[in-house]
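The first residue of the sequence shown is numbered 1, and numbering continues consecutively from there.
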Amino acid sequence: MTGFNRVLTAGPVNTQLTGQYANPVFKSSIPDTAPFWKRSRDDAIAVQRDWEESVPWRKDKMPMSIMLFQTRAPPYNHHPAIHKVCPGTETLSIQSDQEFLEGRRRNVLQYPSIVSFMCALMAELDTTFLSRIRYDGDAYFTRFEWGANANPHAHRLYFSREFSQHMDSLKLNIQNCLQSAKDECLNTGQDLDNPLVQDTIRTRVLDCWDHARKDYIEYMRPFYTNWNAGLLADGKNKTFDFIYERTSAICRLNMASVIDNALTTGDFSTLDTIYVTVVNGTCRHLGHTGINDQPSKTDKCAVVKKKQSTCKETGNKQSTEVITCKRRKPQSMNKVPTIEPDKHNKKIFQLQFECNDKWFNGHDPFEILHVLSNADDKAVVPEFLRKPPVIEVSCCQNKDNRVQDLNLEFFSDTGDSATEYVTKYAFKDAIPTKTSNEVLITAMEKLQDGEPINQGAVQKMYNSHAIAGTTSIFQATHLNQNIPHVLSNVNIKSCSVSGLSLLRTDYDKKDGEDYILPPLIKQFDGRHGTTAVFIECGRVAKTEGRDTMQHVSTSVL
């Protein structure tokens with residue numbers, strides 16, 4: 001505790017990592033407010049956009065894509081590592097299960113700061129040490145949150161340079177496959193205008209894409225599973241005969257001793273029992289009360305949406321309620337890995353490995369033995385692997401005549417990408433944002449006679465409504481101890497937010513027309529209205545926006 005308390009009270013410690021990564025530390029107090037989370041979202045999205053493609057004149061940069069989206073929720077009432085720090089726990093642990101449970105609950109109420117600190121410490125150790133080795137990770141964003149039941153948990157976005165390089169090589173292999181097929185046709189005298197030749201090339205490229213997809217699946221396989229080891233392949237019969245008792249299953253465990261014994265004796269049966277016990281007690285989403293295992297409106301996990309349709313008989317528009325589970329359950333049970341669109345957002349594709357339990361959360365087994373409770377892991381499937389590429393026929397002109405050519409088009413999102421979706425989810429507001437109508441209704445209810453309806457009145461009523469919301473005691477102690485709400489080792493200043501100041505110094509006209517990336521120009525134009533900024537031959541053109549751009553370029557840093 002002494003060393004970590006010193007980190008809590010000491011100032012920033014910057015240990016430089018490669019590129020734009022640095023080791024994180026606990027920072028000063030950060031308010032848990034909607035503006036803070038909006039700024040965090042914007043920063044994280046800006047970083048990821050900057051990583052999407054390599055910048056030619058910056059040799060230290062490379063494309064980087066998100067690898068995993070993870071959730072960790074330690075059981076604060078029962079986790080032995082948390083309660084061993086609380087005074088008097090050794091005396092309590094030798095009492096009966098019920099007395100020990102009551103004592104742990106008293107610990108939570110008497111020492112909420114210990115619970116907050118230990119949950120944050122577990123998440124930081126996992127993020128900065130364990131997971132970086134486990135996933136060969138380089139960059140991460142970890143956000144602390146408190147659910148409706150006040151349970152402290154962490155959402156994490158993990159990025160890996162090695163993973164990104166491997167995905168780039170798979171994409172390049174597909175492009176090279178097309179080029180190689182075209183070269184073979186030309187060398188053997190085959191005509192690219194022939195539809196049969198085009199079909200042969202398409203089949204060859206799609207086979208290469210399918211191989212790349214399988215390669216990705218096997219690459220991700222070690223990191224999480226969708227298979228419930230407590231059930232047989234039929235998903236009904238158990239492989240064990242014990243019952244998970246939440247209040248006593250893990251509270252007396254000494255995991256350091258259990259792991260040490262397993263490694264020294266080669267007998268992992270105790271660890272196996274702990275794992276199967278925990279996942280079948282915490283990683284199964286049960287309790288749906290609707291028809292055919294679907295949720296009903298009264299279930300806590302229910303998401304109710306209105307779907308508009310047109311009646312075929314009358315032609316009148318009608319509205320029906322569609323009820324889905326926000327936990328994506330029940331899920332399909334499959335014998336082979338699948339990549340399918342998400343039930344809630346068709347633009348997101350889920351990678352699910354072999355599954356024998358429709359209620360089971362995908363997770364990393366090693367993480368289960370760390371948090372001793374529910375862990376949720378999802379891969380964010382790279383864009384080019386979500387759907388097969390399209391090979392388009394185009395015409396090109398050579399010196400002799402007009403011939404056809406084949407071009408490769410990979411699948412690309414047109415709206416919110418999967419990366420931005422999970423980022424916005426991970427960094428959502430602590431207090432849900434209210435619609436304009438909800439704010440106005442709240443203001444009208446509290447409005448005094450004769451008081452005008454103006455912006456100040458609406459803002460005042462909205463603030464009072466937000467403050468009245470439930471706040472977890474751990475949320476308060478987390479803030480009181482100056483524990484950060486976000487852990488990240490990314491330096492935002494080296495990314496696209498300050499990209500306007502990263503102008504090329506080695507620019508040559510023959511390299512191309514763009515002096516900085518078009519997205520940065522677009523970003524700048526969006527900030528300052530319709531004033532255009534033109535960049536020619538290494539200079540900012542003399543427009544009315546020049547001074548403003550120079551100011552932005554220097555002031556952001």
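Contact detail for Leu372 and Pro80: the closest heavy-atom pair is CD1-CD, 3.9 Å. Nearest heavy-atom pair across Phe144 and Ala120 is CE2-CA, 3.6 Å. Scanning all heavy atoms of the two residues, the minimum distance from Asn489 to Asp138 falls at ND2-O, 2.7 Å. Between Gln352 and Ser332 the shortest heavy-atom distance is NE2-O, 2.7 Å. Contact record, Pro75 with Val371: CD-O, 3.0 Å, taken as the closest heavy-atom pair. Summarising the geometry of Ile114 relative to Ile82, their closest heavy-atom pair is CG2-O, 4.1 Å, with the distance given to 0.1 Å.
Between the CD atom of Glu354 and the CG atom of Asn226 there is a distance of 8.5 Å, given to the nearest 0.5 Å. Rounding to the nearest 0.5 Å gives a distance of 9.5 Å between CG of Asn107 and CG of Asn77. Expressed to the nearest 0.5 Å, how far CZ of Phe360 lies from NZ of Lys329 amounts to 9.5 Å. Separating the CG atom in Asp364 from the OH atom in Tyr224 is a distance of 11.0 Å, to the nearest 0.5 Å. Between Met122 atom CE and Asp126 atom CG the span is 8.5 Å, to the nearest 0.5 Å. Atom-to-atom distance recorded for Ser164:OG and Glu162:CD is 9.0 Å, nearest 0.5 angstrom.
In this structure, Arg143 forms a cation-pi arrangement with Trp37, its terminal cationic atom sitting closer than 6.0 Å to the ring centre and no more than 45° off the ring axis. For the pair Arg104 and Phe100, the cation sits on the ring face: its NZ or CZ lies under 6.0 Å from the ring centre, inside 45° of the axis.
For the residue pair Thr89 and His83, no side-chain donor N or O sits within less than 3.5 Å of a side-chain acceptor on the partner. Between the side chains of Glu245 and Thr247, at least one donor N or O sits under 3.5 Å from an acceptor N or O. Residues Asp136 and Ser160 bring no donor and acceptor atom of their side chains to less than 3.5 Å of each other. Between Ser116 and Thr477, the side chains place a donor N or O and an acceptor N or O closer than 3.5 Å (distance only, hydrogens not considered). Under 3.5 Å, the side chains of Gln70 and Tyr135 contain a donor-acceptor pair of N or O atoms.
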Going through the checks in order, is the ring pair (Phe, Tyr, Trp, His ring centres under 6.0 Å) test met by Phe223 and His363?
CA-CA 8 Å; Phe223 302 138; His363 61 267; over 10 Å; no

Are Val304 and Val322 close enough, and set up right, to give a side chain to side chain contact (heavy atoms under 4.5 Å, CB included), and what steps lead you there?
CA-CA 6 Å; Val304 183; Val322 178; over 6 Å; no

Can Phe268 and Leu263 be said to form a side chain to side chain contact (heavy atoms under 4.5 Å, CB included), step by step?
CA-CA 8 Å; Phe268 289 82; Leu263 293 174; 4.1 Å; yes

Walk me through whether Arg106 and Tyr111 qualify under side chain to side chain contact (heavy atoms under 4.5 Å, CB included).
CA-CA 8 Å; Arg106 288 195 299 269; Tyr111 310 111; over 6 Å; no

Check the pair Ile250 / Met255 against side chain to side chain contact (heavy atoms under 4.5 Å, CB included), numbers first and verdict last.
CA-CA 9 Å; Ile250 64 172; Met255 288 302 295; over 6 Å; no

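Within the 4.5 Å cutoff, no side-chain heavy atoms of His79 are placed close to those of Met118. For the pair Phe349 and Val380, the minimum side-chain heavy-atom distance is 4.5 Å or more. Using a 4.5 Å heavy-atom cutoff, the side chains of Leu68 and Met220 are in contact. Side-chain contact check for His155 versus Phe69: some heavy-atom pair is nearer than 4.5 Å. Taking the side chain as every heavy atom from C-beta outward, Val486 and Phe427 approach each other to under 4.5 Å. Side-chain contact between Ile259 and Leu271: present, with at least one pair of heavy atoms (C-beta onward) separated by less than 4.5 Å. Contact annotation: the side chain of Val278 never approaches that of Cys283 to less than 4.5 Å [non-hydrogen atoms, C-beta and beyond]. The closest side-chain heavy-atom distance from Tyr275 to Ile368 is below 4.5 Å.
Tested against Asn228, the residues Asn280, Asn356, Asn361 include a single side-chain hydrogen bond (donor to acceptor under 3.5 Å, both in side chains) partner, Asn280. Across Glu367, Glu124, Glu145, a single residue satisfies salt bridge (charged side-chain N to carboxylate O under 4.0 Å, His left out) together with Arg156, and that is Glu367.
Between His478 and His485, a ring centre-to-centre spacing shorter than 6.0 Å is recorded. Checked against the 6.0 Å centroid threshold, Phe163 and Tyr219 count as a close aromatic pair. The aromatic ring centres of His288 and Trp359 sit less than 6.0 Å apart. In this structure, Phe159 has its ring center no closer than 6.0 Å to that of Tyr140.
Salt bridge annotation for Glu218-Arg221: present, with a cationic side-chain nitrogen under 4.0 angstrom from a carboxylate oxygen. Taking a cutoff of 4.0 Å between a charged side-chain nitrogen and a carboxylate oxygen, Arg39 and Asp43 do not qualify as a salt bridge. A salt bridge is absent between Lys378 and Asp342: the closest approach of a Lys/Arg side-chain nitrogen to an acidic carboxylate oxygen does not fall below 4.0 angstrom.
The number of heavy atoms from other shown groups lying within 6.0 Å of NZ (Lys84) is above 12.
Distance alone, capped at 3.5 Å, is enough to place a donor-acceptor pair between the Trp209 side chain and the Phe384 backbone. Distance alone, capped at 3.5 Å, is enough to place a donor-acceptor pair between the Asn334 side chain and the Val336 backbone. A donor-acceptor distance shorter than 3.5 angstrom exists from the side chain of Asn254 to the backbone of Ser257, with no hydrogens or angles considered. Between the side chain of His153 and the backbone N or O of Asn151 there is at least one donor-acceptor pair closer than 3.5 Å. Remark: side-chain polar atoms of Tyr158 are paired, donor with acceptor, to backbone N or O of Thr127 under 3.5 angstrom. At distances below 3.5 Å, not a single donor-acceptor pair connects side-chain atoms of Arg134 with backbone N or O atoms of Arg132. For the pair Arg386 (side chain) and Glu340 (backbone), a donor-acceptor distance under 3.5 Å is absent. Asp357 places no side-chain N or O within donor-acceptor distance of the main-chain N or O of Leu231, the cut-off being under 3.5 Å.
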